[in-house]
Amino acid sequence: MRRAADRLELVADPVRRTGRMLLSGGVEQSYVDVEDPRHLHFEYVRRIASAVELAARADDPLSVLHLGGGALTLPRWLATTRPGSPQRVIERDPAVVELVARELPPLPPEVRVEVADAREAVAASPASRYDLVVADIYRAARMPRHVRTVEFAAEVARTLRPDGLYLVNVTDLPPLVGTRVQVATLRAVFGDVCLLGDRRMLRGRRYGNLVLAATPRPGGLPVGRLAVAALRDPVPGGLLHAVALDGFVAGARPVTDADNAAQQ
């Protein structure tokens, strides 16, 4: 039996008639427009979508692994914007999968949802399988330790094609210690990394979501176009890369499985 703090609900948006919000313990988790999958309500989801549009080949189907499913906002968006894209969704909570399947529109056949642990699913994936891996993995508003390490990032990199893209949603609060560690961790593995978010978040002035983008190939991110897209969002954002990201991450070090084991 689920605790009240973990209670799942799908509620209608009082402002947008076709909007549905997935709540867990009263906290907003996902938003889906049941008639328009292109509508992306949350700012960080729009930043992820923008990164996909700018970094991936235009209009081509993509092979995608989603780590964390929620109400399947991004899988629905990708199925609409890039029809025929094979998508695998890993969601650890069967109750979420059941509620979303029962209450929201059905998914196209190329989107497959599995109940599994994200790290185990990545470890079992073939090398160079995916064009895109999206991680939005949270338990009680925290990213689990076992998906925050260098070893996990290396497993993700192994599953990506040489020009593939890894996108991570990071929820953090000032002074953004967790984000700094995640940047250092991804930089230990990937050839190119940048950080996207509300400029107030990047300055450490508020709680919220940031998006990390990483690719195996050095210089592989279209940082100029990403910066322009972030600025044009309804919630204007910024981008940290190269020297600016060096300054942001100064003093933070990558976290490893051994570090996690030592803390247990």
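Sequential numbering from 1 along the given sequence is applied to the chain's residues.
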Quiz item: With side chains defined as the heavy atoms from C-beta onward, is the minimum distance between T185 and F152 less than 4.5 Å?
Solution: no
Quiz item: So, for F190 and P216, which heavy atoms are closest and what is the spacing to 0.1 Å?
Solution: CD2-N, 3.8 Å
Practice problem: Only counting residues at least two apart or in another chain, list the ones meeting salt bridge (charged side-chain N to carboxylate O under 4.0 Å, His left out) with D117. | Solution: R139
Practice problem: With sequence neighbours excluded, give me every salt bridge (charged side-chain N to carboxylate O under 4.0 Å, His left out) pair touching residues 207-236. | Solution: R46-D233
Quiz item: Donor-acceptor pair, R7 side chain versus G26 backbone, under 3.5 Å?
Solution: no
Quiz prompt | Gap separating the OH atom of Y207 from the OG1 atom of T171, nearest 0.5 angstrom | solution = 5.0 Å
Self-check item: Under the salt bridge (charged side-chain N to carboxylate O under 4.0 Å, His left out) test, residues paired with R20 that sit two or more places apart
Solution: none
Self-check item: Qualifying salt bridge (charged side-chain N to carboxylate O under 4.0 Å, His left out) pairs with a residue from residues 239-248, counting only residues at least two apart or across chains
Solution: R187-D246
Quiz item: Hey, does L67 have a side-chain heavy atom less than 4.5 Å from the side chain of V122?
Solution: yes
Quiz item: Is there a side-chain contact between R38 and T81 (heavy atoms, below 4.5 Å)?
Solution: yes
Exercise. Establish whether V193 and V147 are linked, either directly or via other cluster members, by ILVMFWY side-chain heavy-atom contacts under 4.5 Å.
Key: yes
Quiz prompt | Partners meeting side chain to side chain contact (heavy atoms under 4.5 Å, CB included) with V115 (sequence neighbours left out) | solution = P94, V97
Quiz prompt | Straight-line distance of T179 OG1 to N209 CG, nearest 0.5 Å | solution = 9.5 Å
Practice problem: For the residue pair V52 and L74, establish whether any side-chain heavy-atom pair is separated by less than 4.5 Å. | Solution: no
Practice problem: State which residues pass side chain to side chain contact (heavy atoms under 4.5 Å, CB included) with D192; sequence neighbours excluded, sorted by chain then number. | Solution: T215, L221, H241
Self-check item: Pairing residues for R145 by the side chain to side chain contact (heavy atoms under 4.5 Å, CB included) criterion, not counting sequence neighbours
Solution: R148, N260, Q263, Q264
Exercise. Answer yes if L54 and Y166 sit in the same cluster of Ile, Leu, Val, Met, Phe, Trp and Tyr residues linked by side chain heavy atoms under 4.5 Å apart, and no otherwise.
Key: no
Self-check item: Under 3.5 Å donor-acceptor, E43 side chain and V235 backbone
Solution: no
Quiz item: Which heavy atom of C194 sits nearest a heavy atom of L245, and at what distance?
Solution: CA-CD2, 4.2 Å
Quiz item: Does any pair with a residue in residues 62-79 pass side-chain hydrogen bond (donor to acceptor under 3.5 Å, both in side chains), and if so which ones, sequence neighbours excluded?
Solution: H66-Q87
Exercise. Tell me, with the steps shown, if T149 and D259 meet side chain to side chain contact (heavy atoms under 4.5 Å, CB included).
Key: CA-CA 9 Å; T149 67; D259 295 327; over 6 Å; no
Exercise. Verify, without hydrogens or angle tests, whether R119 (side chain) and H146 (backbone) share a donor-acceptor contact under 3.5 angstrom.
Key: yes
Quiz item: What salt bridge (charged side-chain N to carboxylate O under 4.0 Å, His left out) pairs are there with at least one residue in residues 157-179, not counting sequence neighbours?
Solution: R57-D163, D131-R161, E155-R158
Exercise. Could you grab the distance from atom CG of L196 to atom OG of S50, nearest 0.5 Å is fine?
Key: 7.5 Å
Quiz item: Where do Y31 and D13 land on the side chain to side chain contact (heavy atoms under 4.5 Å, CB included) test, with the steps shown first?
Solution: CA-CA 9 Å; Y31 186 103; D13 184 342; 2.6 Å; yes
Exercise. To the nearest 0.5 Å, tell me how far L104 CG sits from L10 CG.
Key: 5.0 Å
Quiz item: Can you name the residues that form a side chain to side chain contact (heavy atoms under 4.5 Å, CB included) with T18, not counting sequence neighbours?
Solution: R16, D33, V34, E35
Self-check item: Contacts of type salt bridge (charged side-chain N to carboxylate O under 4.0 Å, His left out), residue R88, not counting sequence neighbours
Solution: E114
Quiz item: Nearest heavy-atom pair of R199 and P236: which atoms, and what distance?
Solution: NH2-CB, 3.2 Å
Quiz prompt | Approximate separation, where rounding is to 0.5 Å, of M201 CE and L173 CG | solution = 8.5 Å
Self-check item: Within one Ile-Leu-Val-Met-Phe-Trp-Tyr cluster: L240 and V170, side-chain cutoff 4.5 Å
Solution: yes
Quiz item: Tell me, which pairs form a salt bridge (charged side-chain N to carboxylate O under 4.0 Å, His left out) where one or both residues lie in residues 203-215, sequence neighbours left out?
Solution: D198-R206
Self-check item: Close side-chain approach of D136 to Y44, heavy-atom, < 4.5 Å
Solution: yes
Self-check item: H41 and H39 aromatic ring geometry - parallel, tilted or perpendicular at 30°/60° bounds
Solution: tilted
Exercise. Would you check if L22 and L99 make a side-chain contact, meaning some heavy-atom pair closer than 4.5 Å?
Key: yes
Quiz item: What pair of heavy atoms forms the shortest contact from A157 to V189, and how long is it?
Solution: CB-CG1, 3.8 Å
Exercise. Of all the heavy-atom pairs spanning G70 and V100, show the shortest one and how long it is.
Key: O-CG2, 3.5 Å
Self-check item: Least distance between heavy atoms, N169 atom then Y138 atom
Solution: O-OH, 3.0 Å
Quiz item: Shared ILVMFWY cluster between L160 and V150, side chains joined below 4.5 angstrom?
Solution: yes
Quiz item: Are L212 and L226 connected in a single hydrophobic cluster, I mean Ile/Leu/Val/Met/Phe/Trp/Tyr linked by side-chain heavy atoms less than 4.5 Å apart?
Solution: no
Quiz item: Could you give the distance from CZ (R129) to OG1 (T159), rounded to the nearest 0.5 Å?
Solution: 10.0 Å
